Structures are given as structure tokens and as C-alpha cells.
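Everything numeric in this text was worked out from a predicted model, so none of it was measured. Every chain is numbered from 1 and lettered A, B, ... according to where its sequence line falls, protein lines coming before strand lines.
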Amino acid sequence: MSAAKRVQQWATFARTWHVFDCKWQDPYESANIIKKYLMGLHKPIYHPLNDCGDVVVCINSRNIALRGDDWRQRAYFHHTGYPGGASWTLAWELHNKDPTLIIKKAVYRAMKGNLQRRHTMERLFIYPGEHIPAEVQQNVSNQIRQIRRVPERLDHIPEEEVKNFPKVMDYPENYILK
Amino acid sequence: MAALVRAGFLSAKNTVLSTTVRCLSTTKPLRLKEIKEQREGTTLVVEAVTAASPRSELLVRAEKIKDLVPIVTEASAKPCYMCALGLDVKHTDVLILSQFVRTDGCMLPRRITGLCRRQQKKIGKMVSMAQKAGLMINLTPAACKKDPTRRREHKKFNTYFDENTIFMKKIPKPVDRFKR
């Protein structure tokens, strides 16, 4: 094998580290994206028997957004194994206990339940805030695109821009502004 | 009898609080009608002048846009200005939605917005979506918990909404897509 081919082989099978910003992202939608990078499904060389999955670092998992009433309606089931040991935890209660668990469970459930799943999950790092340990951050070389745009709050937009934004509604003639 | 009393009460209320009386004001820039005082020698002339709307210069209307393809409707019904523009407004477009609310964040009634029924309903729902998501917290009543992170229980976390649910008769329960 020539030196060029050897380097090509290393480059093909090297693990890439991706970072994903979970701010205002739906965990169940982003789990389908994260899953592809974790398993290596985005690579043309993918095969279930070759170890080509990448590493994904999720940041800001505390600021995920659920749709509609999901914080209150979604329940997570746990059973201790003892009689009467069943418990249902609502999504907002689970997020209060551990802000990384919802995204972790979403990615875990998005993958097929086989023997490889637990090993693939080892390659997923989730951090509740923006801070990443330095030994993790030095490996990161790619960013996964967010699915939803982070919405901008009206009080964060400069006042001049709000004032000069094109208007759709105009007041009727005898309207009293309050 | 009750109807008679109600009718009498309404007519009395209308005479007391008629719009002509309420249109007069002393604070100039806040109202569309302003008061001007002029002193000519010993006589004082007070007159109410209709002020120009601060929005009229920035106003976007479908008639003014040349390249816009007009929407197809029945010949009898003229589309309202929002239907004619054909904008795809989301609940995150706070710069548009904030034009339809009062300073306390309440949706304005249809007689003031001048929208059709469907658009009024749609924008009203999107305003409440934006308020629930905490995107317009500077347009809230004074006693309101402004910061979303200071809200209680499930309300303190980020929430987004699907605009397709606005005109659904019954919102379906979330399906578990990962269930096998």
C-alpha cells in the first residue's frame, strides 16, 4: 500500500467530532439528525458491521424547546421491578431533575434496539450549558446545522429597527392610541 | 323589562362616552387626534386636529407592489389587506405580530384591525402563541411575570408551536414515532 493510499484509509475511517447546538430545537426531531452522525449513516462507506460512526457533542441541552403542550403531556415511564414500582414522570419534571436526559432518551429511542445501540450512545456527549471541557472541545471540527431557527425576542431587537420595520396594520382614523 | 333597562343603559352610556368626547386629549404624540391652542390677542382658540398616523409612511399594501401576483378569490369577495399580501406569517415573526396588539399585549378587535374573520382568528392565535413562548415580553401587563424562566412548572421551559394547528377542529395527540 502506497503512502497516499494509507493516508486515505486513515482519513476515511477517522472519527469526526460534531457539535450540535440544542438551543430552541425539538429533541425528537434533532434526534433523527444526531442519530445519522452517531451511526455514520451520512457516510458513503456505511455498513452496519463497519465501525464508522462519529462523535456528537450536544450543547445547551437545557434550552431545548418542546412543541405545544408537550412539556405537560409527555410522560416518561420507569419501573423499579418491585410490585407497585411503576412511575410516570412528566417531561418538565424530568427536565428539572436532569436537563440532559430528554435529548439522551430521544436519541436512544430513535435508534434501532440492537446490541450496537449502547456502544453508539457512548459516543454522544450532552452538556446542559455552553461550556464544554477543553479535552472535548479540542477535537470538535464540524457543526451540525440546526433544524429550527432560534426565535428572536421583541425586547432584544433594537428599538430603531422595530420602529422602521415595514408596517402592515394601520389605525382607523378616529382611533385613540393608548 | 330587563331588555328595556339594558337598552336604556346602553343609550345613556353611549351619550356619556361618545367617541367625539373621548377623541379630545392633552397628550399630543400619543393620539391620532391632537389639540392645538392658539392665542389671538385676548381670545384663546382651541381646536382638535386629526394627526397623521405614524405608520402611514411605512405601510405595505398589495396594491402598491407591482410584481405581486394577485390571489385568486371569488369575484364577489374582496380579500382583506392581509389575505391580499399573501404573507406566510409564523408565530416567531414578532415584528409583524406586535403591530396588532395593544401595549399590554392584547389582540386588537376586528373593527380596528380591519381584517377578515379568518385572518383575525389566525393572527390572534399567533399572538397568544408568541406570548406563551415568551417572545413579546415587553408587551405585557405590569403585574405579569415577564421573564419566562421565572414562570412556574412546565411554563418556564422553551416552547414552540405549529401554525397548522390553528384551524384544526381537534388537535391530535402526539404520536410516538419511535414506538415499535
Side-chain angles (χ1 to χ4, degrees), chain A residues 22-26 28-29 31-32 35 60 62-74 90-93 95-96 99 102 105-113 148-157 159 161-178, chain B residues 19-20 22-23 25 30-33 50 53-61 81-82 85 87 90-92 94-100 102-104 108 111-115 130 133-139 146 153-162 165 171 173-174 176-180:
Chain A
C22 298
K23 193 174 247 181
W24 281 95
Q25 303 302 306
D26 188 309
Y28 312 105
E29 283 173 3
N32 284 328
K35 174 189 87 173
N60 285 326
R62 190 179 279 121
N63 300 326
I64 53 168
L66 296 201
R67 190 177 70 176
D69 267 350
D70 267 13
W71 281 116
R72 187 169 51 154
Q73 284 183 344
R74 217 174 258 269
L90 299 181
W92 66 267
E93 290 173 328
H95 203 60
N96 265 344
I102 286 185
K105 278 170 180 287
V107 176
Y108 186 77
R109 299 198 66 187
M111 284 190 286
K112 204 176 169 190
R148 291 169 46 77
R149 266 188 76 180
V150 176
E152 206 170 358
R153 260 163 58 171
L154 187 62
D155 54 333
H156 289 173
I157 303 172
E159 208 168 298
E161 197 181 322
V162 176
K163 206 177 164 188
N164 294 328
F165 190 78
K167 298 285 184 275
V168 181
M169 205 275 277
D170 198 12
Y171 297 112
E173 213 160 79
N174 58 349
Y175 178 68
I176 305 171
L177 274 172
K178 279 185 188 137
Chain B
T19 49
T20 49
R22 284 195 295 164
C23 281
S25 117
L30 289 176
R31 317 248 160 141
L32 294 187
K33 268 198 174 163
T50 314
S53 167
R55 287 183 180 179
S56 48
E57 284 169 25
L58 296 162
L59 208 60
V60 177
R61 283 286 177 267
Y81 60 88
M82 210 55 189
L85 278 172
L87 293 173
K90 304 275 182 209
H91 76 281
T92 46
V94 282
L95 284 170
I96 295 175
L97 293 180
S98 61
Q99 297 169 21
F100 292 94
R102 297 198 187 101
T103 45
D104 65 346
L108 287 165
R111 65 186 161 82
I112 291 168
T113 56
L115 294 165
L135 302 178
M136 294 205 296
I137 58 170
N138 52 345
L139 298 177
K146 288 177 187 287
E153 301 184 342
H154 60 274
K155 291 175 192 161
K156 74 176 172 185
F157 298 122
N158 293 345
T159 313
Y160 76 93
F161 294 91
D162 187 2
T165 58
I171 294 168
K173 282 200 168 178
D176 194 347
R177 274 167 290 168
F178 305 132
K179 198 168 188 177
R180 279 180 294 273

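Listed by chain and residue number, A/E160 satisfy the side-chain contact (heavy atoms from CB on, under 4.5 Å) test with A/N164 (two or more places apart in sequence, or in another chain). Annotation: side-chain contact (heavy atoms from CB on, under 4.5 Å) contacts of B/L108 (sequence neighbours excluded): A/M169, A/Y171, A/Y175, B/R102, B/I112, B/T113.
The existence of a salt bridge linking A/R72 and A/D69 is confirmed by a sub-4.0 Å separation between a basic side-chain nitrogen and an acidic carboxylate oxygen.
Of the atoms belonging to A/R148, it is side-chain heavy atoms, and not backbone ones, that fall under 4.5 Å from chain B. For a residue to count as touching a neighbouring chain, one of its non-hydrogen atoms must lie under 4.5 Å from one of that chain's; by this rule A/E152 touches chain B with the backbone only. For chain A, no part of B/L97 is nearby; none of its heavy atoms comes within less than 4.5 Å. Using a 4.5 Å cut-off between heavy atoms, B/Y81 touches chain A through its side chain atoms alone. Neither the backbone nor the side chain of B/K155 comes within contact range of chain A; no heavy atoms are under 4.5 Å apart. Heavy atoms closer than 4.5 Å to chain B are found in the backbone of A/I64, but not in its side chain. Only the backbone of A/K163 comes within contact range of chain B, judged by heavy atoms closer than 4.5 Å. Residue B/L85 touches chain A through its side chain alone, counting heavy-atom pairs closer than 4.5 Å.
Of the listed residues (A/N63, A/L90, A/L66, A/D155), the one with the most heavy-atom contacts under 4.5 Å to chain B is A/L66. The choice from B/V60, B/L139, B/T165 that makes the most heavy-atom pairs within less than 4.5 Å of chain A is B/V60. Between chain A and the options B/I137, B/T92, B/D162, the largest number of non-hydrogen pairs under 4.5 Å is found for B/I137.
Side-chain N or O atoms of B/E153 include none that pairs as donor or acceptor with a backbone N or O of A/W92 at under 3.5 Å. Remark: side-chain polar atoms of A/W71 are paired, donor with acceptor, to backbone N or O of B/N158 under 3.5 angstrom.
B/Q99 is listed as a side-chain neighbour of A/F165, based on a closest heavy-atom distance under 4.5 Å. Between A/D26 and B/Y160, the closest side-chain pair of non-hydrogen atoms falls below 4.5 Å.
B/I96 contributes atom CD1, which lies 6.0 Å from atom CE of B/M82 (distance to the nearest 0.5 angstrom).
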